[in-house]
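Along the sequence shown, residues are numbered consecutively beginning with 1.
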Amino acid sequence: MPASPKPAGAGLAAALARSRMLNPLAWFDTSAQIEVRRFAGPASFVEQLATPLRVAHVTDIHVGRITPMKIQRAAVDLVNAERPDLVCITGDFVCHSQAFLDQLEELIRRYEAPVMAVLGDHDHWSGGPEVRRALRRAGAEVLDNVHTTISLRGQALQVVGLDDAYTGNADVERATRGLRHDLPTLGLSHIAEEADHLWTAGVQLVLSGHTHAGQVTLARLNELALGRLIGHKYVHGLYGSRVDVRPRGAVYVGAGIGAAVIPLRVGERARREVTIFELGAAPGSFEEHHVDQPALPGRPPTEKQRNKRIQQVEAKRERRERKAARARPRSDDDDR
């Protein structure tokens with residue numbers, strides 16, 4: 001007898017069952033499984049670098065109660081095992097408070113290569129100045145709308161760092177002012193959509209985060225939720241082009257290590273991730289995780305949304321200050 005036709009939706013149902021998504025315990029991923037994904041840099045870097053430079057990209061570590069420290073340490077150890085020349089971390093170092101800044105410092109100190117970083121929205125919500133100080137105490141260089149040139153293996157690499165665009169702190173004009181166009185240039189931005197502006201300024205490759213890859217990538221649900229509903233052009237992976245001449249460029253959106261609410265990660269593309277870029281290697285010269293992807297349609301935030309986010313940061317800052325004031329011991333002078 002011929003096989004009965006499968007009902008509509010049977011394919012998705014089977015995929016969900018295979019993923020164990022219907023098992024409540026599968027929603028809470030506390031394993032230390034971390035994917036290492038590898039890519040070459042832009043084609044223009046081949047001529048600009050005599051020897052390839054290895055850059056490790058980590059993002060959205062969210063040090064706090066949601067993500068166990070064993071996972072955080074495993075990510076650092078995995079990066080160190082790759083022996084990178086530079087480690088770039090693109091924001092969201094904390095979750096919702098400053099309670100775990102000591103643990104954050106511990107992690108940053110574990111890296112054996114120089115660390116460059118930019119802040120994300122959770123860092124500003126929790127206290128941008130405090131997070132910056134913790135990172136700098138641990139030895140990281142925090143780039144707040146500036147660019148710098150670092151020497152790696154005797155070669156110059158220009159790095160542009162944007163402060164967080166989600167909370168209204170990014171300033172591309174300030175960050176790229178005086179940028180040299182004869183050097184290979186790497187951009188760091190928590191929000192990937194800022195790459196559109198950085199490419200125009202001559203930044204060939206941008207590393208970013210924020211989306212956690214959607215954390216559920218079965219049946220492209222991440223692109224539906226983050227792309228069509230929220231309006232992100234770049235959800236996870238490599239977008240743009242590494243071979244076109246300026247002002248085009250590429251952006252990579254990392255899946256991240258931690259989570260801010262629940263550690264739900266379902267689907268291969270949603271797994272915790274460390275990304276290794278071989279700058280100076282030609283695209284396609286070795287097996288990469290995937291090819292460059294076209295952008296989604298996207299939808300920029302409205303002025304009302306942008307203002308609301310800025311107000312949220314200020315409101316959280318004021319609450320922290322009131323809480324700190326209440327916690328201070330009273331003195332005799334307070335009663336006069």
Side-chain angles (χ1 to χ4, degrees), residues 59-60 62 64 66 90-98 118-132 142-146 160-177 187-201 203 206-216 220-236 239-240 247 251 253-256 258-262 264 294-323:
T59 192
D60 296 87
H62 286 292
I66 304 298
T90 51
D92 277 7
F93 292 90
V94 296
C95 284
H96 306 285
S97 75
Q98 301 171 24
V118 293
L119 297 192
D121 50 305
H122 278 266
D123 304 318
H124 282 285
W125 288 337
S126 302
E130 291 81 3
V131 175
R132 281 192 195 92
V142 183
L143 302 178
D144 293 321
N145 296 319
V146 296
V160 179
L162 285 188
D163 202 347
D164 176 54
Y166 190 91
T167 53
N169 290 284
D171 188 336
V172 174
E173 181 179 355
R174 177 184 165 195
T176 58
R177 189 176 299 135
L188 308 180
S189 171
H190 185 61
I191 302 300
E193 281 72 19
E194 293 302 301
D196 296 350
H197 308 298
L198 289 170
W199 294 339
T200 303
V203 181
V206 180
L207 306 181
S208 64
H210 184 63
T211 64
H212 303 187
Q215 295 194 204
V216 177
R220 306 178 79 92
L221 290 176
N222 58 334
E223 293 187 357
L224 173 64
L226 295 179
R228 291 185 180 274
L229 299 182
I230 296 179
H232 282 294
K233 292 174 65 176
Y234 311 116
V235 172
H236 173 250
Y239 296 87
V251 59
V253 188
V261 183
I262 59 173
L264 165 66
L296 301 173
R299 185 177 62 254
T302 64
E303 188 69 23
K304 182 178 179 180
Q305 288 172 322
R306 287 193 290 265
N307 290 335
K308 182 179 179 180
R309 294 167 183 173
I310 295 171
Q311 292 165 5
Q312 287 174 332
V313 172
E314 181 63 19
K316 289 177 182 293
R317 183 190 64 79
E318 292 175 353
R319 283 199 295 271
R320 287 195 304 273
E321 291 180 352
R322 289 196 297 269
K323 183 177 180 179

Ignoring hydrogens, what is the shortest heavy-atom contact between [X] and [Y]? Give both atom names and the distance.
X    : Y    : value
F93  : D123 : N-OD1, 2.8 Å
G128 : L119 : O-CD1, 3.9 Å
A175 : G161 : CB-O, 4.1 Å
G91  : T59  : O-OG1, 4.0 Å
A259 : Q215 : CB-OE1, 4.0 Å
G187 : V203 : N-CG1, 3.5 Å

Measuring from [X]:[atom1] to [Y]:[atom2], what's the distance to the nearest 0.5 Å?
X    : Y    : atom1 : atom2 : result
H190 : H210 : NE2   : NE2   : 5.5 Å
L226 : H212 : CG    : NE2   : 10.0 Å
I230 : L296 : CD1   : CG    : 12.0 Å
S189 : H197 : OG    : NE2   : 9.5 Å
D92  : W125 : CG    : CH2   : 8.0 Å
R320 : S126 : CZ    : OG    : 7.0 Å

Exercise. side-chain contact (heavy atoms from CB on, under 4.5 Å) between D196 and K233: does it pass, once the steps are laid out?
Worked result: CA-CA 10 Å; D196 296 350; K233 292 174 65 176; 2.8 Å; yes
Excluding sequence neighbours, so at least two apart, what forms side chain to side chain contact (heavy atoms under 4.5 Å, CB included) with [X]?
X    : result
R306 : P301, E303
V118 : T90, L143, L188
Q311 : N307
P297 : none

Problem set entry | Residues which pass ring-ring contact (aromatic ring centres under 6.0 Å, His included) with H236, listed by chain and number, not counting sequence neighbours |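 Residues passing ring-ring contact (aromatic ring centres under 6.0 Å, His included) with H236: none at all.
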Problem set entry | Partners meeting ring-ring contact (aromatic ring centres under 6.0 Å, His included) with Y234 (sequence neighbours left out) |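 Expected list: Y239.
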According to side chain to side chain donor-acceptor pair (under 3.5 Å), who are the partners of [X], at least two apart in sequence or on a separate chain?
X    : answer
N222 : none
N145 : none
H232 : E193
E173 : none

For this session: Side-chain contact test, heavy atoms from C-beta onward, threshold under 4.5 Å: evaluate it for I66 versus V261 and give yes or no.
Result: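 When only atoms from C-beta onward are counted, V261 and I66 do not touch, as no gap falls below 4.5 Å.
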Problem set entry | Over 12 foreign heavy atoms within 6.0 Å of CZ, R220 |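 Counting other residues, nucleotides and ligands, CZ of R220 stays at 12 neighbours or fewer.
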Problem set entry | D163: salt bridge (charged side-chain N to carboxylate O under 4.0 Å, His left out) partners, not counting sequence neighbours |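 Expected list: R132.
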For this session: Could I get the full list of salt bridge (charged side-chain N to carboxylate O under 4.0 Å, His left out) partners for R317, not counting sequence neighbours?
Result: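 Residues passing salt bridge (charged side-chain N to carboxylate O under 4.0 Å, His left out) with R317: E314, E321.
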For this session: Determine, stepwise, if the pair L162 / D171 fulfils side-chain contact (heavy atoms from CB on, under 4.5 Å).
Result: CA-CA 7 Å; L162 285 188; D171 188 336; 5.9 Å; no
Problem set entry | Main-chain N/O of V235 paired to T211 side chain as donor or acceptor, under 3.5 Å |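 At least one qualifying donor-acceptor pair exists.
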For this session: Begin with the C-alpha distance, continue with both residues' side-chain angles, and end with the deciding distance and a verdict on side-chain contact (heavy atoms from CB on, under 4.5 Å) for V172 and L198.
Result: CA-CA 7 Å; V172 174; L198 289 170; 4.1 Å; yes
Exercise. Does a side chain donor of either H124 or D164 reach within less than 3.5 Å of an acceptor in the other side chain?
Worked result: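 Distance-only check fails for H124 and D164.
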